[in-house]
Each structure stands twice: as structure tokens, then as C-alpha cells.
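Computed from a prediction, not measured in an experiment: that's the story for all the values here. Order of the sequence lines fixes the chain letters, A, B, ..., with proteins taken first and strands second; residue numbering starts at 1 for each chain. All values below come from the heavy atoms of this structure, side chains included, with hydrogens, waters and symmetry mates left out.
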Amino acid sequence: MKEKNRIKLKKGLQGLPEYSPPDKVWSEINEQLDIQQNDAPLHKAIAELPAYDPPSTLWDSIEAELPNGKVRQLNPTRANYSKWLVAASIAMLMGAGFWFMNGNGFSSKEIVSFSYDTQAAFEGEREEDNADEMIAMVVGEVQQVQHQWEAPETVALKSSLDKIRSSIKEFKVAGEKLGMNQSMHKQLTDMYNKRNKIVRALAAKI
Amino acid sequence: MKKQFQLLLGFALLLPLGAFAQKTVEVVTKSIQKSMPFEIGSEIIIDGQKADVYMSTWDKNRIAVYLDIVASHPDKAQAEADLENMDYELEKKGAKIYIKNFVKDGVEKTASQMEAKYTIILPASCPVNLSNVFGSAQVRDLSNALVVDAAYCTLKLTNLRGRIDINTSFGDIEGHDIVGQVSINSSWTDMKLSQAGGDWKMNSSQGVIKIDASSSFANFDITADQSEIYIEKPAVGLFNYEFISSLSEVNLPQELQFQQRTISQNVQEIKLVSPSAKGSFRIKNDYGKIVVFPLGN
């Protein structure tokens, strides 16, 4: 079906005034979208805030406990003002929190705060009391086997053993200075295992 | 006699594990937070002591730093007092940003268990220089340059690009999706690498290196002593292999036709060249082990 006023319509459309948006319009829209996006978690969190209704008997109980049994009527304007002030403060604090978390308002100022907690502590493993004695015994036994003692592989193993034993000592000193946490206990256990692997490789030369 | 001795030793040095007894400690934390603008030429230099460092990126031109200094002790007052013994610096000198935590001069020992926890969020292109002892570091998504100097420290590195230089002793490295010019000097360090790319130059002493070759198409140039190197799940025809093994155990899959040549009494050369290779393993290992796992395992 053909539009009867096609030519008039076309002319009319062609005659419509052209409009170019100002240069900044897209960047402003983007900024607005960013603000909305950044504020979205705030609005969501506010919407999710729990609402608590006091028990219905609460006000009666309060009134009964007052000396003359009367509740002083607050000036309605002042009461509303206080309520709005508290609400505004909470909203501002939450807004600042989200703003900060989003990284937009990251404080360039150094902020220092303290916090306290109670946690389970771990006591680490104890090294076998006779480890040094056993290592000395193995080294002594290898030394008896002259051709093994001077073999390049044994020399490399002895050098590694010396290194890891001195590293274990260094590690323990640091542990005593700053305290051993769970991760350090794990590292120390790994070091013991690596040391023991070398001792076993040396023992295999006997 | 020998067997008896080894048996005795096996029992004596088997595992120095003990039960982890639990008790409660008071944990006092001093938290510091600051952000700085990221400029062209900015570099972040971290010097941690017993620190757990977590580093990630965002698309903002700022570097945000959270630092927690933590003291744990059964007595809260003692923990509070010890917290003063560990100090920090967080400052910008020119384009460089320095962050460090340290035990104050003159402090011989703390009664509390001390540690520092860093969370640093920065632009991906910001170069990072990280030193740490007795702790851990998790670094992800950097695209420019990373230098790590670590001792007694576990490293978890994910999605890194660019130039990466790592020096480490007594630590573990878990690396995933690292592509670039990578240099690793390590001793007593175990490594697990997957999705590696680019050129890797590694020096390893007394370490265990495991490379997932099903996803890693890099050129590995590894010089090692007393180390174990495992090439896991190598894709068929996609790698060139060149091993020089000196008194090392070498296990190769039968499916691949390696060429073996004895260079001297204890030195072997093992080669395999594939025309379609996308990566290579050049390995020299003394007194260690090289294992190429069966294909697809």
C-alpha cells in the first residue's frame, strides 16, 4: 500500500530543523551514569537495611517508669530536625564508605586505625632432639667410605647440607625475633624435609 | 648393617611434624591506608619483613595501599606494646613510591608474633619491585615489569605480562598464565608453572620444577643443579627438547623418539627436534632428575 501524501511527508521531514547536541553532552551522560552506578550499591544497601518496630508495650512501660508518669512532648520541629540530622549523617557516612571502597574518593591522607580480635594460635612442631647427632653420625659414616667422600656428588650434597643447616638456623633466629606463625612453621617443616632428603641421599652412599 | 642404619635413619628423620596445639591469642592490628596518584614513570617499591603481600590491579590512575601491622599474643597489653616495635614507611619520592615495614632498631626480640599484611591495588602498567622475607606474596594482572627478591617466602603469580625477574631462596612459586621475558634465579625453591609463554631463563639449585606443558608454549632455558624437573603432559610435536644431564636421572616417554648421545663418562645429551615446535626445553641439570611425563598424562 502506498502512502498518498508521500511527497508532502518527505518534504515535511526534510524541513524539520536539525539539532546538534552540545559537545559535552555525552561525557556528562557518562558521568551521570558513573555516579548512578557508584551509588547503586548504596541505594541497594539502604533498601536492604532492616527495619525494627519496638514492642507495642514499650511506650507504656517507659511512661510508667517516669516519675510523674507523663511523657514530655517534644517540639515537633526539633524532633524532626534531629531525626533528619541522624539520618543524613548515617547516609553520608555510608556514602563516604562506598565512595571510598569504589576507589573514587581514596584518601590521599594517611589514615591509621587500630582493631582488636581474638584468634586461635598454633604451636609448631618440635625438631627431633637427636637430629644433629644423627646427621653427624651419617656424615661420619660416609667419611669412612673414602671413594664416596671425595666423589663430586657427595661434595655437592655436603655443601647443600651445610647450606640448609645454616639456613635453618637463620630461619629459627628470625622466628625467635618476630614469632613463628603458621606459615613459618610450614616453611620450617619443608626445610627439615629438604635437609632430611639430603641426609638420606648421603646415607645411601654408606 | 647398611640397611639397619638406613632404617634407623628413616625413622629418625622421617617427618619432623608435630601436632599443632591450639590456644587463644589476642590480635592487635594497626591499619594504615593511603592512596597516591599514578603518573607516567611511577614505580612501586615494597620492602616487606614477615609480610603477606596481596597485589592486584584496577583501571584507575591511583595506587591504593592498605597495610596492616599485626601483633598476636595471649596478653593483649603485650601485643599492644609489641605493635610499637614494628614500624613502617609509606612515601613518594619523585615518581617512586616506597613502602616498607621493619622492626625498629634496637629491638632484639618481640614477645608477640608479628606480621604485616599488604593489600596494594594499582594500575596494571605500574612497574613493581617487591622484596620480602619470611612471608608470602600474591601478585596478579600486572602488564609491565615485576622484580621480586624473596627469601623464605611463597609466591603466587597469576596473569602477568612483560618483564619478570625473580630471585628467591627457600620458597615456593606457583605461576599461572605468565607470558613475557622471564628470569628466575632460585635455590631450594619448588615451582609449579602452567600456561607459561615467552622466553624463560631459569637457574635452579636444589629445587623441584613442574611445568604443565599442555598449556605452556614457552622457550625454557633451565640450568639446574640437584634439582628435579618435571615436564608434564607435553603436547605431541609442539616442543624441541635439548637436555644435558650430568649424573642425573632422566625418564623419557617411549612415544617420543629422543636421540641420546654420551658426551663423557657421566654426561649425556638428549635431543628431540620437531618441525612444528612452538616451544622448547633446553635443560642442563647436574645431580638431579629430568622427567618428561608420558603424553597426555
[X] [atom1] to [Y] [atom2] distance, which is reported to the nearest 0.5 Å:
{"X": "A/Arg195", "Y": "B/Trp188", "atom1": "CZ", "atom2": "CH2", "value": "11.0 Å"}
{"X": "B/Gln33", "Y": "A/Ile111", "atom1": "CD", "atom2": "CD1", "value": "4.5 Å"}
{"X": "A/Gln182", "Y": "B/Gln113", "atom1": "CD", "atom2": "CD", "value": "9.5 Å"}
{"X": "A/Met184", "Y": "B/Ser136", "atom1": "CE", "atom2": "OG", "value": "12.0 Å"}
{"X": "A/Lys163", "Y": "B/Ser205", "atom1": "NZ", "atom2": "OG", "value": "6.0 Å"}
{"X": "A/Lys186", "Y": "B/Asp172", "atom1": "NZ", "atom2": "CG", "value": "5.5 Å"}

So with a 6.0 Å cut-off around [atom1] of [X], is the heavy-atom count from everything else above 12?
{"X": "B/Lys92", "atom1": "NZ", "answer": "yes"}
{"X": "A/Lys169", "atom1": "NZ", "answer": "no"}
{"X": "A/Lys158", "atom1": "NZ", "answer": "yes"}
{"X": "B/Glu89", "atom1": "CD", "answer": "yes"}

Checklist line | B/Glu115 vs A/Ser183, side-chain contact (heavy atoms from CB on, under 4.5 Å): CA-CA, chis, key distance, verdict | finding: CA-CA 11 Å; B/Glu115 58 195 328; A/Ser183 131; over 6 Å; no
Quiz item: Heavy-atom distance under 4.5 Å between the side chains of A/Leu157 and B/Gln226, does that happen here?
Solution: yes
inquiry  = Using side-chain heavy atoms (C-beta onward) and a distance below 4.5 Å, is A/Gln187 in contact with B/Phe170?
reply    = no
Assert top hit (heavy-atom pairs under 4.5 Å, partner chain B, pool A/Ile164, A/Val173, A/Asp190) equals A/Ile164
Practice prompt. Could you check which of A/Ala156, A/Ser115, A/Ala201, A/Gly179 has the highest count of heavy-atom pairs closer than 4.5 Å to chain B?
Written response: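 Winner by heavy-atom pair count: A/Ser115.
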From the list B/Thr29, B/Leu247, B/Leu83, the residue making the most non-hydrogen contacts under 4.5 Å with chain A is B/Thr29
Relative to chain A, which segment of [X] carries a heavy atom at a distance below 4.5 Å: side chain, backbone, both, or neither?
{"X": "B/Val28", "answer": "both"}
{"X": "B/Ser169", "answer": "neither"}
{"X": "B/Thr110", "answer": "both"}

So, the part of A/Ile198 with a heavy atom under 4.5 Å from chain B: the answer is side chain
| said: One pair to check against side-chain contact (heavy atoms from CB on, under 4.5 Å): A/Lys194 and B/Asp190. What are the steps and the verdict? | reply: CA-CA 11 Å; A/Lys194 282 175 177 166; B/Asp190 295 348; 3.7 Å; yes
For B/Val107 and A/Lys177, the nearest pair of non-hydrogen atoms, with its separation, is O-CE, 3.4 Å
message = Strictly distance-based, threshold 3.5 Å: is any side-chain N or O of B/Lys50 a donor or acceptor partner for the main-chain N or O of A/Ala174?
response = no
Q.
Using modelled atom types and a 3.5 Å cut-off, is there a donor and acceptor pairing between side-chain atoms of A/Ser113 and backbone atoms of B/Lys30?
A. no
Self-check item: Test side-chain contact (heavy atoms from CB on, under 4.5 Å) applied to A/Phe114 and B/Glu80, step by step
Solution: CA-CA 10 Å; A/Phe114 292 84; B/Glu80 279 181 309; over 6 Å; no
